[in-house]
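Take a look at the structure set out below.
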Amino acid sequence: MTRTVTLPARPEPLTVAVEETALIIVDMQNAYCSKGGYLDLVGFDVSGAAPVIAEAARIAAACREAGVPVIYLQNGFAPDQREVGGPAAPVWHKSNALKFMRANEAYAGKLITHGTWDYAIVPELAPERDDILVPKSRYSGFAGTALEQILQARRIRTLLVCGVATNVCVESTIRDAYHREFFPVMLTDATMAAGPGAQAATEFNVATFFGWLSSGAELRAALMRNSLEQIDGKPL
């Protein structure tokens, strides 16, 4: 029997099948969440990361308990930057991490580079044995990765999305999910934006054009109600 939950989402509640839902945790790495990481070094405020990390950890635990796959996106480049493409590629010009490393020789090869502290997922959110890790080298989790195939193989239709940065990699992933016929739900209290006003702008874009907004507390409550209904033998 298919288990369904109704999320008190915005702009309207959304009923989803638990077996067709996955959690996407976007780029919760030292680069984006920690003092001394790339985002901090280039001048963005990461002081709000702690509650976002804590909420994402609670969401991940609830999803694992409910049987919802937990998929991590991890952004960065190989030490030889083979994914960058050099000056012929837009990312060479627009990646603040790449620009910072070129301008500051002491940091060359140390920011969002595979195998470095900066690239690593924050310890509070370390993936567990059955979680799925999808490396990427562009903002969207779908760009040049196997994410779509992973989701299709599991018959996933709804994506719960959290992580950083709200207005960059989270929004890019949600936009691409929408264009691939997935139902994206951004969990707002487990996201953090880069730049003033950016959180509200992305929330407006998602709610109005690309998906739905909910929160970690609302999701956990919905999953808990579903679990209690199963235990009590009530109809779903």
Side-chain angles (χ1 to χ4, degrees), residues 23-61 70-86 89-128 131-141 143 145 161-173 186-202 216:
L23 172 66
I24 308 293
I25 300 177
V26 181
D27 300 352
M28 294 295 283
Q29 300 161 240
N30 287 315
Y32 306 103
C33 299
S34 301
K35 292 292 291 183
Y38 137 62
L39 211 59
D40 176 52
L41 289 173
V42 301
F44 288 96
D45 181 11
V46 298
S47 62
V52 170
I53 293 170
E55 186 56 49
R58 288 189 287 266
I59 290 167
V70 177
I71 301 174
Y72 285 79
L73 303 182
Q74 189 173 16
N75 190 63
F77 308 105
D80 63 4
Q81 297 184 4
R82 67 191 71 177
E83 310 90 347
V84 175
V91 69
W92 191 89
H93 300 273
K94 296 307 297 183
S95 168
N96 289 300
L98 293 174
K99 289 190 289 185
F100 188 87
M101 286 191 289
R102 291 197 297 271
N104 298 272
E105 187 176 350
Y107 287 95
K110 295 182 179 179
L111 303 185
I112 57 171
T113 299
H114 298 175
T116 64
W117 170 85
D118 200 62
Y119 179 74
I121 292 170
V122 295
E124 300 93 330
L125 269 174
E128 298 192 0
D131 297 339
I132 300 166
L133 187 64
V134 179
K136 66 184 181 71
S137 59
R138 298 296 187 269
Y139 296 147
S140 171
T145 75
V161 186
C162 66
V164 295
T166 308
N167 54 314
V168 187
C169 294
V170 171
E171 183 168 347
S172 296
T173 299
M186 190 175 89
L187 303 170
T188 59
D189 52 351
T191 63
M192 182 179 71
Q199 181 77 24
T202 291

Under a 3.5 Å distance rule, please check whether [X] uses its side chain to pair with a backbone N or O of [Y] as donor and acceptor.
| X | Y | result |
| --- | --- | --- |
| R138 | V91 | no |
| N167 | A201 | no |
| S172 | S140 | no |
| T173 | G141 | yes |

Measure the [atom1]-[atom2] distance between [X] and [Y] for me, rounded to the nearest 0.5 Å.
| X | Y | atom1 | atom2 | value |
| --- | --- | --- | --- | --- |
| I112 | S95 | CD1 | OG | 4.5 Å |
| K110 | L41 | NZ | CG | 11.0 Å |
| N104 | L111 | CG | CG | 9.0 Å |
| C162 | M28 | SG | CE | 6.5 Å |
| K99 | K94 | NZ | NZ | 5.0 Å |
| N30 | T116 | CG | OG1 | 8.5 Å |

For [X] against [Y], the heavy-atom pair lying closest together:
| X | Y | value |
| --- | --- | --- |
| Q29 | L73 | OE1-O, 4.2 Å |
| C169 | V164 | CB-O, 3.9 Å |
| F77 | S137 | CE2-O, 3.4 Å |
| D45 | S47 | OD1-OG, 2.7 Å |
| L39 | A194 | CD2-CB, 4.4 Å |
| I59 | A190 | CD1-CB, 3.6 Å |

Any side-chain heavy atom of L133 sitting closer than 4.5 Å to one from I121? yes
Do L187 and L23 have side chains that approach each other closer than 4.5 Å (heavy atoms only, starting at C-beta)? yes
Evaluate V84 against L98 for side-chain contact (heavy atoms from CB on, under 4.5 Å), listing each step before the verdict. CA-CA 9 Å; V84 175; L98 293 174; 3.8 Å; yes
Sort and list the pairs that fulfil side chain to side chain donor-acceptor pair (under 3.5 Å) and have at least one residue in residues 72-86, not counting sequence neighbours. Y32-N75, R64-Y72, N75-K136, D80-R82
Determine whether S34 and V122 satisfy the following criterion, side-chain contact (heavy atoms from CB on, under 4.5 Å), listing intermediate values before the conclusion. CA-CA 8 Å; S34 301; V122 295; 4.0 Å; yes
Would F44 and M192 count as a side-chain contact (heavy atoms from CB on, under 4.5 Å) here? Give the steps. CA-CA 11 Å; F44 288 96; M192 182 179 71; over 6 Å; no
Stepwise, does the side-chain contact (heavy atoms from CB on, under 4.5 Å) test hold for M186 with T191? CA-CA 8 Å; M186 190 175 89; T191 63; 4.0 Å; yes
Set of salt bridge (Lys or Arg N to Asp or Glu O under 4.0 Å) partners for D189, sequence neighbours left out: none
Heavy atoms from other residues, nucleotides or ligands near OH of Y107 exceed 12 (cutoff 6.0 Å): no
